[in-house]
Amino acid sequence: MSLKFGMLAEYTTPADLMHAAEKIRDAGFRRWDVFSPYPIHGMNQAMGLKNSKVGWFGFTGGVTGYTTGMIMIWWMNAWDYQIIVGGKPMFSPFYAFPPSYELTILFTAFGSILGMMFLNRLPKLYNPLFKCERFRQVTHDKYFLVVETTDPKYSETETRKLLEATGSKHIEIVED
């Protein structure tokens, strides 16, 4: 016995997909997604998505990198291996800035990448949509919207009617 994953609807133009996304959003669905061969301007608003939280991961990484750089230079010069050279101070933030700046950039990149992977639940090596023959056209010239069966508002008959009302050219059930 195979479990149902969701209902897949195919559209021919980006405008049709955008219109369908707005209808699904307005109907109150929460577990659904759209797929297209390229990014579509305005789709985030049509889907009702909020701003990404990846920036906060990058910011946290940057602050951590800068702090790590400053503490590293302080530890090496003022605490661990003190060498007095020409009467200069053991630690000065001006001289510690270049390595701290480089660590800020490095840790920001790591924070952004790891945050994106965490929020997207990656790596995700399997998706039931990969078994669907029509879905393979998404990388060429087709546009798809899928409503998952785990959505609280999902009803096979009502969801099909809603997708038909949005102008879908083909609707099918995807099994897991």
Side-chain angles (χ1 to χ4, degrees), residues 5-6 8 14-15 17-18 20-22 24-132 135-136 138-154 174 176:
F5 171 73
L8 182 70
L17 183 63
M18 181 100 60
E22 290 170 346
I24 295 294
R25 176 201 66 204
D26 293 341
F29 286 92
R30 295 283 172 236
R31 299 204 37 92
W32 61 282
D33 205 353
V34 297
F35 301 92
S36 68
Y38 50 84
I40 300 172
H41 181 71
M43 186 58 77
N44 287 349
Q45 291 83 10
M47 292 179 69
L49 299 177
K50 296 180 175 92
N51 288 337
S52 174
K53 294 179 178 84
V54 173
W56 288 105
F57 285 91
F59 177 74
T60 303
V63 169
T64 304
Y66 184 79
T67 305
T68 300
M70 285 293 177
I71 291 172
M72 178 183 70
I73 298 299
W74 170 82
W75 173 260
M76 286 192 250
N77 292 338
W79 183 261
D80 186 42
Y81 195 68
Q82 299 176 8
I83 298 178
I84 299 173
V85 178
K88 294 179 182 173
M90 291 298 178
F91 174 75
S92 173
F94 297 111
Y95 303 119
F97 182 76
S100 297
Y101 176 74
E102 294 299 328
L103 285 174
T104 300
I105 294 170
L106 180 67
F107 281 36
T108 300
F110 285 154
S112 297
I113 290 170
L114 295 174
M116 181 267 309
M117 291 181 74
F118 172 74
L119 292 173
N120 289 332
R121 292 180 235 124
L122 294 175
K124 187 176 182 179
L125 303 176
Y126 172 74
N127 190 325
L129 294 173
F130 295 158
K131 294 191 304 187
C132 181
F135 187 74
R136 294 175 194 235
V138 75
T139 57
H140 298 293
D141 60 352
K142 299 293 183 205
Y143 307 90
F144 292 94
L145 185 146
V146 64
V147 178
E148 296 180 16
T149 56
T150 56
D151 192 293
K153 290 193 61 104
Y154 181 85
V174 178
D176 196 4

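FYI, side chains are in, hydrogens and waters are out, and symmetry mates aren't considered; it's all heavy atoms of this structure.
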Mark yes when over 12 heavy atoms from residues, nucleotides or ligands other than Lys88 sit less than 6.0 Å from its NZ; otherwise mark no. no

Who pairs with Glu22 by salt bridge (Lys or Arg N to Asp or Glu O under 4.0 Å), at least two apart in sequence or on another chain? none

Below 4.5 Å, heavy atoms only, C-beta onward: do Phe91 and Asn77 meet side chain to side chain? no

For Arg31, the side-chain hydrogen bond (donor to acceptor under 3.5 Å, both in side chains) test, sequence neighbours excluded, returns Glu148, Thr150

Heavy-atom closest contact (Leu8 atom, Cys132 atom, distance): CD2-SG, 3.6 Å

One pair to check against side chain to side chain contact (heavy atoms under 4.5 Å, CB included): Phe57 and Leu119. What are the steps and the verdict? CA-CA 10 Å; Phe57 285 91; Leu119 292 173; 3.8 Å; yes

For Val34 against Ala21, the heavy-atom pair lying closest together: CG1-CB, 4.3 Å

For Ile71, the side chain to side chain contact (heavy atoms under 4.5 Å, CB included) test, sequence neighbours excluded, returns Thr67

Taken in chain and number order and not counting sequence neighbours, the residues that satisfy salt bridge (Lys or Arg N to Asp or Glu O under 4.0 Å) with Arg136 are Glu133

Test side chain to side chain contact (heavy atoms under 4.5 Å, CB included) applied to Ala15 - qualifying residues, sequence neighbours left out: Thr13

Taking atom CG of Asp33 and atom CZ of Phe144, what is their separation to the nearest 0.5 Å? 13.0 Å

All heavy atoms of Met70 vs all of Ser100, minimum pair found to be N-OG, 3.1 Å

Residues forming a side chain to side chain contact (heavy atoms under 4.5 Å, CB included) with Phe97, sequence neighbours excluded: Tyr66, Tyr101

For a quick test of reading the model, state the closest non-hydrogen atom pair linking Met72 to Leu103 and the distance between them. CE-CD1, 4.1 Å

Count the heavy atoms of every other residue, nucleotide or ligand shown that sit under 6.0 Å from CZ of Phe94, and state whether that count exceeds 12. no

Can you see which heavy atom on Trp75 is nearest to which on Trp79, and at what distance? CZ3-CD1, 2.7 Å

What distance separates Asn127 CG from Leu125 CG, expressed to the nearest 0.5 Å? 11.0 Å

Could you check if a side-chain atom of Val174 sits within less than 4.5 angstrom of a side-chain atom of Phe135, using non-hydrogen atoms only? no

Taking only residues two or more places apart in sequence, or in another chain, which ones meet Thr64 in a side chain to side chain contact (heavy atoms under 4.5 Å, CB included)? Thr60, Thr68, Phe107

Hits for salt bridge (Lys or Arg N to Asp or Glu O under 4.0 Å) against Arg30, two or more places apart or cross-chain, chain-then-number order -> none

Phe118: partners by ring-ring contact (aromatic ring centres under 6.0 Å, His included), with sequence neighbours left out: none

Take atom CG in Asn120; do more than 12 heavy atoms of anything else shown fall under 6.0 Å from it? yes

Separation between CE (Met76) and CE (Met90), nearest 0.5 Å, reads 15.0 Å

Correct closest heavy-atom pair for Val54 and Ser112 would be CG1-O, 3.6 Å

Atom CG in Leu122, atom CD1 in Ile113: separation rounded to 0.5 Å? 12.0 Å

Residues in ring-ring contact (aromatic ring centres under 6.0 Å, His included) contact with Tyr95, at least two apart in sequence or another chain: none

Take Val147 and Tyr154 through the side chain to side chain contact (heavy atoms under 4.5 Å, CB included) test and state the conclusion after the steps. CA-CA 8 Å; Val147 178; Tyr154 181 85; 3.9 Å; yes

All N/O donor-acceptor pairs, side-chain side in residues 35-45, below 3.5 Å, sequence neighbours left out:
from: Ser36; atom 1: OG; to: Tyr38; atom 2: O; distance (Å): 2.4
from: Tyr38; atom 1: OH; to: Tyr143; atom 2: OH; distance (Å): 2.7

Only counting residues at least two apart or in another chain, list the ones meeting side-chain hydrogen bond (donor to acceptor under 3.5 Å, both in side chains) with Tyr81. none

